[in-house]
2 protein chains.
Amino acid sequence: MERLLRRIDDEIVSTGGKRSRSRAHIMGIFFRSGRHLTVEELTRKARVKNRNIGAATVYRTLKLLARMGYAKELDFGEGAKRYESSLTAHHDHLVCTSCGNVAEFEEPRIEKLQEKVARQHGFSPTMHRLAIYGQCRGCAPSGEKEKTG
Amino acid sequence: MERLLRRIDDEIVSTGGKRSRSRAHIMGIFFRSGRHLTVEELTRKARVKNRNIGAATVYRTLKLLARMGYAKELDFGEGAKRYESSLTAHHDHLVCTSCGNVAEFEEPRIEKLQEKVARQHGFSPTMHRLAIYGQCRGCAPSGEKEKTG
DNA sequence: CCCCAAAATGACTATGATATTCATTTTCAT
DNA sequence: ATGAAAATGAATATCATAGTCATTTTGGGG
Ligand SMILES: [Mn+2]
Ligand SMILES: [Mn+2]
Ligand SMILES: [Zn+2]
Ligand SMILES: [Zn+2]
């Protein structure tokens, strides 16, 4: 973890950038926090330890991490984007439209089929976005109660 | 087609709405046009015949059609949403990041696997968004030219 | 055809996420 | 320590979309 942060900073320096306290703080919180954070959520967390972190810096840091390949931008259609560390293996998402919870899944057969479909269309895929929306276990009506509301 | 427009208007009337020239014009162009249109694109087309169609009305019409189930909102992460008629069967999209072209595909096995994955997570899916990004046939480098740029 | 209340319109303004600007502060090689 | 480049943060700009509101359109009685 410390290793990771140092590696990223080194990479920034090697491309003409400079180290920065604010950015280091933001990155630390980002990689330590739960996944699928909003810029606003991350800013709030960052400001707990350093009251004068600006939202602009959080936006810039996340964009930088995304550009460097250490973060992924997610868009579940909520208005604001979410970000997650890209250190874990590729996966797609289950988004609960009731409580907002986001679960992750990996399905190699879906991945394969996507490759296949793309190939059949003469298409060279570089990435994809798959999000399944619905109700998570806790939010789905089990029997038939609460049809209204 | 005329039938469809009349059916939609009737449905609007049956829920307390009134017919409208502007809206009829916008709907006509929407259903007649190619798929995956932006509000701005549709507004431009609509204004050719009627110079004073307001963008607000196009937004409202599209929202209305979406609410009534006759249009689907798509978001390929371009900034602006796209809309398509929902009269065709469900399908997902291949988006070319070079020329912007959007192709459609249907892969029942992917659909099934999504259901299965959701079930395994105790999740009740209601919809999903799948978009594959990359280069279409015309935009993909065939051999090995143009590695840079 | 006329009236009129409800609905729709379109110009304008508001909103909200994100990007940009710019004066100030940090960083760091010399 | 010094200075130039990079980073910051507050303020402002941008851009898609939503809301406001005065005006126009619609359509069901007279
Ligand atoms: Mn995830
Ligand atoms: Mn389509
Ligand atoms: Zn839930
Ligand atoms: Zn293309």
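Just so we're on the same page: letters track the sequence lines, and every chain starts at 1.
- One can place CD of B/Glu78 at 11 Å from P of D/dT17, the figure rounded to the nearest angstrom.
- Counting any heavy atom pair closer than 4.0 Å across all strands shown, A/Ala56 reaches a base atom.
- Between the CG atom of B/Asp9 and the P atom of D/dT26 there is a distance of 11 Å, rounded to whole Å.
- Evaluation of atom-type donor-acceptor distances gives no pair under 3.5 Å for the side chain of B/Arg60 against the base of D/dG19.
- Each of C/dT18, D/dA7, C/dG10 was ranked by its minimum atom distance to the side chain of A/Ile12; first place goes to D/dA7.
- For the residue pair A/Gln135/A/Ser98, the side-chain donor-acceptor check at 3.5 Å is satisfied.
- Between A/Tyr59 and C/dT18, a side-chain N or O to OP1/OP2 separation shorter than 4.0 Å is present.
- Phosphate contact (OP1/OP2 of D/dG27, side-chain N/O of B/Arg19, threshold under 4.0 Å): present.
- A side-chain N or O of A/His90 and one of A/His128 form a donor-acceptor pair less than 3.5 Å apart.
- Side-chain N/O atoms of A/Arg21 include one lying less than 4.0 angstrom from OP1 or OP2 on C/dT27.
- If you chain together hydrophobic residues whose side chains sit under 4.5 Å apart, A/Leu94 and B/Leu130 fall into the same group.
- Between the side chain of B/Lys18 and the base of C/dA8, no donor-acceptor pair of N or O atoms lies under 3.5 Å.
- For B/His25 and C/dT9, the NE2 to C1' distance is 15 Å, given to the nearest whole Å.
- Atom CD in A/Glu40 sits about 12 Å away from atom P in C/dG16, given to the nearest Å.
- Distance, B/Asp10 CG to D/dT26 P: 16 Å, rounded to whole Å.
- We find that CZ of A/Phe76 is positioned 17 Å from P of C/dA17, with the value rounded to whole Å.
- With rounding to whole Å, B/Asp75 atom CG is found 15 Å from C/dA17 atom P.
- Between B/Thr57 and C/dG10 there is a side-chain N or O to OP1 or OP2 distance below 4.0 Å.
- Checking the phosphate oxygens (OP1, OP2) of C/dA19, a side-chain nitrogen or oxygen of A/Lys63 falls inside 4.0 Å.
- Contact annotation: A/Ser20 side-chain N/O to D/dA6 OP1/OP2 distance is not under 4.0 Å.
- Set against C/dA11, C/dT9, D/dA10, the side chain of B/Ser22 has C/dT9 as its closest nucleotide.
- B/His121 and A/Glu104 get closest at one heavy-atom pair: CE1-O, 3.4 Å.
- Between B/Arg67 atom CZ and D/dA18 atom C1' there is a gap of 13 Å when expressed in whole angstrom units.
- When each of A/Tyr83 and B/Arg23 is assigned the nucleotide of DNA chain C with its nearest heavy atom, B/Arg23 is the one assigned upstream, toward the 5' end.
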From CA spacing to verdict: ring-ring contact (aromatic ring centres under 6.0 Å, His included), B/His93, B/Phe76: CA-CA 9 Å; B/His93 297 97; B/Phe76 297 140; 5.3 Å; yes

